[in-house]
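Each ligand, and each atom within it, is numbered from 1 in the order the structure gives. We count residues from 1, following the sequence as given.
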Amino acid sequence: MSGTFYLTTPIYYVNDAPHLGHAYTTILADAMTRYRRLAGDETHFLTGTDEHGDKIAQAAAKAGISAQAMADQNSAQFRRAWDALGLGYDDYIRTTEDRHQKVVQAILQKLWDAGEIYLGKYGGHYCFGCERFYTDKEIVDGKCPDHLTTLTWIEEENYFFKMSKYQGWLIDTIQGRPDLVRPERYRNEVLGFLRDPLLDLSISRPRTRLEWGIPLPFDDRFVTYVWFDALLNYVSALGGPGDPRFEKFWPHAHHLIAKDILKPHAIYWPCMLKAAGLDLYRHLNVHGYWTIEGQKMSKSLGNVFPAVAPAEKYGIDAYRYFVLREMTFGLDADFSEAAFVTRLNADLANDLGNLVARATTLIASHAREAGAPGPATADEETVRAAAAEARRLLDEAMAEFAFQRGLAAIWEFIGAVNRYVDTTQPWSLARKPAERPRLDRVLVTLADALGYLGIVLEPFVPGAAGKIRAALGMTAPPRLADATVGRLDRLPPVQKLSGLFPRVEDRKPAVAEPGAASPAAAAGTLSIADFGKVELRVAEVLAAEPVPKSRKLLKLTVSLGSEQRTVVAGIAGHYAPADLVGKKVVVVANLQPATLMGIPSQGMVLAGSTEGDGALAVLTLDRDLPAGARVR
Ligand SMILES: [Zn+2]
């Protein structure tokens with residue numbers, strides 16, 4: 001199979017910092033493009049940023065910079081994130097670029113000339129404070145959600161695209177092409193929208209209200225509004241109709257989106273393409289949302305998950321593997337650190353990492369005396385058949401963007417190879433000289449299986465796949481066609497490869513020994529979830545006194561706001577009791593009570609110290625907070 005493949009992510013709106021949701025879509029696109037390239041296709045992967053509109057203009061005004069400078073700054077953030085994650089986009093389109101604006105204006109002019117656009121009246125609920133319309137959904141008790149003032153119904157002239165006339169055509173098209181919008185649940189959702197009458201689409205805003213946009217070519221008192229600017233990026237990035245890149249890639253266009261922008265992509269966009277005389281895309285592939293530790297990701301909950309963070313902590317491959325494996329394409333999924341660590345340890349460190357370490361060590365230590373392998377047996381046939389079956393399932397899954405099923409198929413194969421090692425017991429064969437040809441057959445089969453993994457894992461965990469291929473001396477670009485077991489008849493030189501995915505130890509929260517004044521140093525890393533179990537609070541020191549017969553300990557009476565506690569701290573060598581009274585310090589409030597020198601201690605005061613008998617300083621606040629305030 002070889003062909004042409006064009007895949008796009010949405011262009012991300014630059015009023016946001018890149019987060020997990022953006023990263024997921026872009027990782028999917030990267031994995032799919034790598035897969036299609038592996039299969040022999042010529043691929044083109046487009047991502048970019050959406051940079052016009054009120055929100056950008058307002059944010060820029062607030063920051064005292066130009067809208068363009070604001071867009072430049074925020075667009076660069078996205079680009080940096082994708083570069084940090086090693087995502088191999090071929091093109092990065094920005095809607096403020098000339099190449100985009102030219103194509104948008106050309107298509108608008110064409111539609112205007114063809115009578116597809118007309119000047120009409122747009123009415124809506126308007127807030128003069130915000131200088132914008134609010135939709136019925138956004139309005140709270142008839143008022144502006146920001147100003148809480150009553151909205152005014154105003155009507156203004158605007159240009160409209162005659163979308164309503166395409167309703168029948170669109171329904172027929174979606175019914176005639178069952179996998180145009182997929183998975184099927186979203187196709188059904190779109191057909192559901194289309195049961196209501198389709199209205200014409202307002203495509204402009206007067207420049208008196210919105211300056212930051214692309215002027216309409218036939219009336220420069222107006223700029224295009226949202227979708228006629230944003231959606232056209234998929235076409236403008238290829239140079240637009242007539243450009244050789246457009247003619248080559250557009251017939252093979254796949255879009256990848258999250259479900260929040262289903263309607264514009266499944267309804268507005270096909271109508272726009274039809275009106276402009278352009279072919280419809282091949283497939284619209286729609287994925288669900290990530291929740292974070294069981295909660296919806298939202299700015300107000302403060303749990304918006306930065307795009308690059310998991311890669312910084314656990315590595316790019318582990319991040320890719322987790323999101324690709326954990327989310328069933330099309331459905332929602334939860335991003336929990338516990339689930340992440342479980343998959344990393346079980347699937348990557350144990351199943352894959354151990355297999356690679358075990359097999360490369362065996363091969364490397366027996367390669368020197370290797371001869372002609374003995375005949376293949378039913379055990380080798382099992383591995384060969386498992387490899388072929390995994391390929392079949394992988395190809396089938398990837399044709400439907402079912403990344404999780406593709407990975408499950410590869411892991412079935414890894415399981416089969418692990419069982420093969422257990423069954424054939426190469427280490428005991430190695431002790432019997434008469435079994436040497438049999439040992440060589442087993443080692444050749446393992447080398448073959450690793451080579452196979454070095455290819456099929458490339459779209460998903462490219463770093464690890466590259467290391468596996470390098471260990472096997474595979475220097476040519478990987479090709480899916482070579483992913484078969486049974487190719488090798490002599491043992492190739494192989495380098496030992498261990499620690500492909502180090503295990504992450506699941507550590508308990510670091511808890512100090514009773515009586516110690518500073519928390520025990522935690523080796524390794526602690527998950528955010530585990531850290532969250534440590535309840536740190538601001539405490540006001542109400543009283544302090546020496547503990548009799550102790551040179552180190554002070555007995556403190558502290559207020560946590562709603563309660564008083566006694567805490568014994570080993571800081572007498574560094575603080576006089578009187579110096580502490582009235583200070584606000586930080587205590588671990590949910591530490592198991594301990595009795596020190598006969599005094600029950602209900603908590604621990606945090607302090608920093610140098611090694612040995614050096615300096616010690618109790619943590620205080622650099623501005624005031626009430627006693628009891630949570631520290632995180
Ligand atoms: Zn308002």
Side-chain angles (χ1 to χ4, degrees), residues 10-19 21-22 49-75 77-78 95-96 119-161 163 193 196 199-216 219-231 258-264 267-268 289 295-304:
I11 43 174
Y12 304 118
Y13 197 46
V14 292
N15 70 331
D16 238 352
H19 61 61
H22 304 119
T49 45
D50 181 11
E51 308 186 358
H52 288 126
D54 287 325
K55 283 185 185 168
I56 307 307
Q58 282 168 10
K62 217 184 230 176
I65 57 177
S66 70
Q68 185 65 57
M70 177 60 93
D72 289 347
Q73 192 177 303
N74 292 352
S75 178
Q77 258 194 314
F78 279 88
T95 56
T96 51
L119 186 61
K121 276 231 165 22
Y122 179 88
H125 299 280
Y126 193 77
C127 172
F128 284 94
C130 298
E131 296 181 22
R132 61 164 282 199
F133 287 102
Y134 279 96
T135 62
D136 290 342
K137 260 193 190 167
E138 296 171 308
I139 296 171
V140 180
D141 300 328
K143 292 177 177 170
C144 166
D146 264 5
H147 292 90
L148 303 174
T149 50
T150 307
L151 295 164
T152 313
W153 177 266
I154 65 166
E155 288 186 352
E156 64 183 24
E157 280 196 314
N158 263 314
Y159 285 89
F160 286 80
F161 164 52
M163 191 161 68
F193 294 142
D196 294 330
L199 304 177
D200 289 346
L201 186 67
S202 166
I203 64 159
S204 71
R205 288 293 179 265
R207 274 171 99 161
T208 49
R209 283 206 296 105
L210 175 62
E211 181 67 28
W212 187 234
I214 302 174
L216 296 186
D219 187 344
D220 69 1
R221 295 171 304 149
F222 292 85
V223 296
T224 56
Y225 183 64
V226 184
W227 298 112
F228 254 81
D229 177 3
L231 289 165
K259 64 184 181 182
D260 57 333
I261 46 177
L262 174 62
K263 201 170 174 176
I267 296 181
Y268 308 169
Y289 287 149
Q295 278 189 312
K296 195 174 175 245
M297 187 161 54
S298 83
K299 274 186 188 166
S300 54
L301 286 173
N303 65 347
V304 175

Parallel, tilted or perpendicular: ring planes of Y12 versus F78, cut at 30 and 60 degrees: parallel

Exam field: side chain N303 to backbone K296, donor-acceptor pair closer than 3.5 Å: yes

Protein N/O/S neighbour count - the Zn ion (ligand 1), strictly under 2.8 Å: 4

Shortest non-hydrogen contact from N158 toward S202: CB-OG, 4.2 Å

Side-chain donor or acceptor of T95 paired with backbone N/O of E51 under 3.5 Å: yes

Evaluation steps, side chain to side chain donor-acceptor pair (under 3.5 Å), between Q68 and S66: CA-CA 5 Å; Q68 185 65 57; S66 70; over 6 Å; no

Residues, nucleotides or ligands: over 12 heavy atoms within 6.0 Å of K259 NZ: yes

